[in-house]
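Numbered from 1 within each chain, the chains take letters A, B, ... in sequence-line order.
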There are 2 protein chains.
Amino acid sequence: MKLKTKILKFLTGRAVCMINEKTAKQMSLHVDNRVSVKKQNKKIISIVNTVSEIISPNEVAVSDKIVKYLKLKNKDIVDVEITPKPHSIDLIKKKLKGEELSKKEINEIVMDISNNALTEAEIAFFISAVYSQDMSLKETKNLIQAMVKSGSQLKLKGKVADKHSIGGIAGNRTTPIIISICSSMGLIMPKTSSRAITSAAGTADVIETLAKVDFSINEIKKIIKKTNACFVWGGALGLVPVDDKIIRIERIAKIDSTAQLLASILSKKISVDSNYILIDIPFGKSAKVTKTKAEKLKSKFLKLGKKFDLELQVLLTDGSEPIGNGIGPVLEMQDVIKVLKRQDPPKDLEEKSIMLAGKLLEMTSKAKKGKGKFLARKILNSGKAFKKFQEIIKAQKGKIKILHPGKYNYPIKAKKTSKIKHINNKLINSLARQAGCPEDKSAGIYLYKKASQTTEKGEKIMTIFATSKEKLGHAVKFYNKNKNEIVEY
Amino acid sequence: MKLKTKILKFLTGRAVCMINEKTAKQMSLHVDNRVSVKKQNKKIISIVNTVSEIISPNEVAVSDKIVKYLKLKNKDIVDVEITPKPHSIDLIKKKLKGEELSKKEINEIVMDISNNALTEAEIAFFISAVYSQDMSLKETKNLIQAMVKSGSQLKLKGKVADKHSIGGIAGNRTTPIIISICSSMGLIMPKTSSRAITSAAGTADVIETLAKVDFSINEIKKIIKKTNACFVWGGALGLVPVDDKIIRIERIAKIDSTAQLLASILSKKISVDSNYILIDIPFGKSAKVTKTKAEKLKSKFLKLGKKFDLELQVLLTDGSEPIGNGIGPVLEMQDVIKVLKRQDPPKDLEEKSIMLAGKLLEMTSKAKKGKGKFLARKILNSGKAFKKFQEIIKAQKGKIKILHPGKYNYPIKAKKTSKIKHINNKLINSLARQAGCPEDKSAGIYLYKKASQTTEKGEKIMTIFATSKEKLGHAVKFYNKNKNEIVEY
């Protein structure tokens, strides 16, 4: 049925269209039925809501997802038709029963997610299936291929390299440093990062304190042409939109299967044409994974790397406590600049960045075996890395400026003279979020002490920063409730 | 935040509220966040959509689910607050990993589903967890108890009995016959039935050709007081609303785990206070289950029956082909009346009804062991059962009247003289649905022949009935495409 669009800036988490109840009756449509909304040759699958007022019988109100996808304007004519349940639901059920899926079957599911043919609940069934039944290496490979195929790709010349951390460690903002070192040596580094999901900040949130991070694929091509590298937000690029959709549902139940984690990371690297990939897996107490799990994950990464003909290496690193002093977008950027400017840098952040950059330089033959760290440190000390960082920030429409942490702060002092045993990554992240991270960029935590250091009674261990009294209050309350686990003596 | 409701007859599959984007910003609300909508002491959890127009900043438009639950009128003031993710998500994740859930944990999940605290995707995660990991008998028992506790209960005096078929067989409308026979002998039979999900008709659809089926709990109490029994639609009663919610999501992926099936059936029987329960499990080619699966299911039913101290028996019956001649609401009611009025009854439907009614009469000591069938047949022949049926129909605001199948019809004739090997239940149901079942009550199929009967060339095998030429066309097209599987020679 031909209907006239009514654009209401209708924001929903999924594709929804609202039609008049009379129209629904005429089309034999029931609530939660699926319709296709078509304009010329492009179509999107949507869920239906019905109303008795506001929307007249010849109209359809469409949510932002539909407007964006079909590039609709007000009063455009679209074709709305009832559409049957897709076959991929049966395939998801098959996986849920524990059967292996073929390449064709995985492709069908991925295409249906990509085309919005599956509802949230159906995608949840797929995620559960992969989570509870796991995927074989062959299935994972096919999932990666299907995901890459469903999205956009970036073709780049030269030695294209990437570094990826599986995350989970507070602070740990090595990416801007590594990219600056390596791209100043001629490596092409199209770095796409995420925003924080459960942590205090993602690399995209941190870079945003100085520059823009949301660019189109054409725009980042220009930035890379100019500077060899970029640090952008992957979500804006829509390289692998299926992955974004899956992650949105995974986040609901905080579920992430190994197969999905591997597919999410590798599909994005392959989409931006990376051939040299260094994976950082921090492990340890309060990290995302234990050493045993880290080793299993490493082995899967290496096997998949071979299947896709990638030069891929994996490093297991110490993830037992936060890295750097700052936690939160502004505070982490201050750490990054300290390292790049060689002014009072946090030693752990500096050493980890040099080690990873050195490894990448060796992998790409920019440095001889065993000489990568030496070269990386040399570049850092020479000021070349900071110069490269400034170039990229400028290309991303930003500039280096002095940043200030939130004006409300609360110092935490040691109650006794004692040796610190452990600082909990997860709780430090939660504490920073209570203070307003990542939305409030200048909120966060500054750590003065690390594990195995000794505190004197009354000495500052950390300071909490926030942009409002209220949020500072939330954070202090959270600290007091959990202080024995946040810092263990 | 206090907001004024704007009632738009906004129909959605779930609780949704629409607020102005400015209000959302003020509340730090993001699309797909969860809010609680509160009026006095009652609250419901809802998903948020935002709009820039139509809804002003001090208003909230709420969907039908919310209006109904909070009994809202236009311009009522409600309290809308952001609400954290419920803990039960972690419990669902635990089950998805294959761990056993405790009684308390199952209770928490069921309460959250009941209170609308979980989204569709989260309920899908729960369903997948139970489907892929299965539940122990102990977990199933706890699930049943939690489901019963979350709903309403009916307290009845006397010997309360019920008969339940797991379904899947076309025709097979034994329920109205069994209830009429047994309740005329003094058994109390609060029979709640479903509407068709994938079949041509559910018992509720069939009864509706003569009487009302949607009553409140108080209304059915009165009907039962007057007549000993009722045949009503379970969905209207809201006895176990959690089950309705779960089934709605299960239907999406056509997933039904054994644990969920057991819980769905037994929670409803316990809610209406039934002590004597007879379960019919039809098995065979094109039935829902094979004989092996039927036996496993039987054993689980019996074990749970003991745990709940129920007099529960299970019969495995022949489900290899349709039972009765009519398929579709009107055509099945015609079969039922033929049996009750003793006028040219379909023999298979008559015998199965007598056998099941006899068993129930024995279980409840209304007949001696081995004498149940004899008594059931006697009641049927005496006209008592038909009289009881008329009484119940009258109490449900209906009356016995002459019914007519759809005026458009298409006879299917045998192409050759041959013996019929099999009539496929699933495809016969699909064929009837193509003809318009269950919405078009007079649509359906009349079968002249059954398996192991011989057809002469040109003899009628069946007639398809529909209410429009178009739908008859759909059905004929479907028949021609699948004729070799619908009837096998």
Report task. Check whether B:Tyr131 gets within reach of chain A through its side chain, its backbone, both or neither, counting any heavy atom under 4.5 Å. Result -> side chain

Report summary line: Minimal heavy-atom distance between A:Ser128 and B:Ala124, with the atoms involved, is OG-O, 4.5 Å

Query raised in the report: What do the steps show when you test A:Glu120 against B:Glu122 for side-chain contact (heavy atoms from CB on, under 4.5 Å), and what is the final call?
Result: CA-CA 9 Å; A:Glu120 276 174 19; B:Glu122 284 152 1; over 6 Å; no

Query - Validation row: B:Ser132, A:Gln133 side chains within 4.5 angstrom (heavy atoms) - result: yes

Query raised in the report: Does a sphere of radius 6.0 Å around CD in A:Glu470 hold more than 12 heavy atoms from other residues, nucleotides or ligands, not counting ones at 6.0 Å or beyond?
Result: no

Report summary line: Counting heavy-atom pairs under 4.5 Å with chain B, the top scorer among A:Val16, A:Ile123, A:Asp90, A:Val51 is A:Val51

Report summary line: If one checks every heavy atom of B:Ile7 against chain A at 4.5 Å, the contacting part turns out to be backbone

Requested in this report: To the nearest 0.5 Å, tell me how far A:Asn49 CG sits from B:Asn49 CG.
Outcome: 7.5 Å

Report task. Applying salt bridge (charged side-chain N to carboxylate O under 4.0 Å, His left out), name anything that partners B:Asp76, two or more places apart in sequence or on another chain. Result -> B:Lys39

Report summary line: Cut-off 4.5 Å, heavy atoms of chain A, and the answer for B:Ile249 is both

**Report entry** Nearest-0.5 Å distance, CD1 of residue B:Ile127 to CG of residue A:Leu96
**Finding:** 10.0 Å

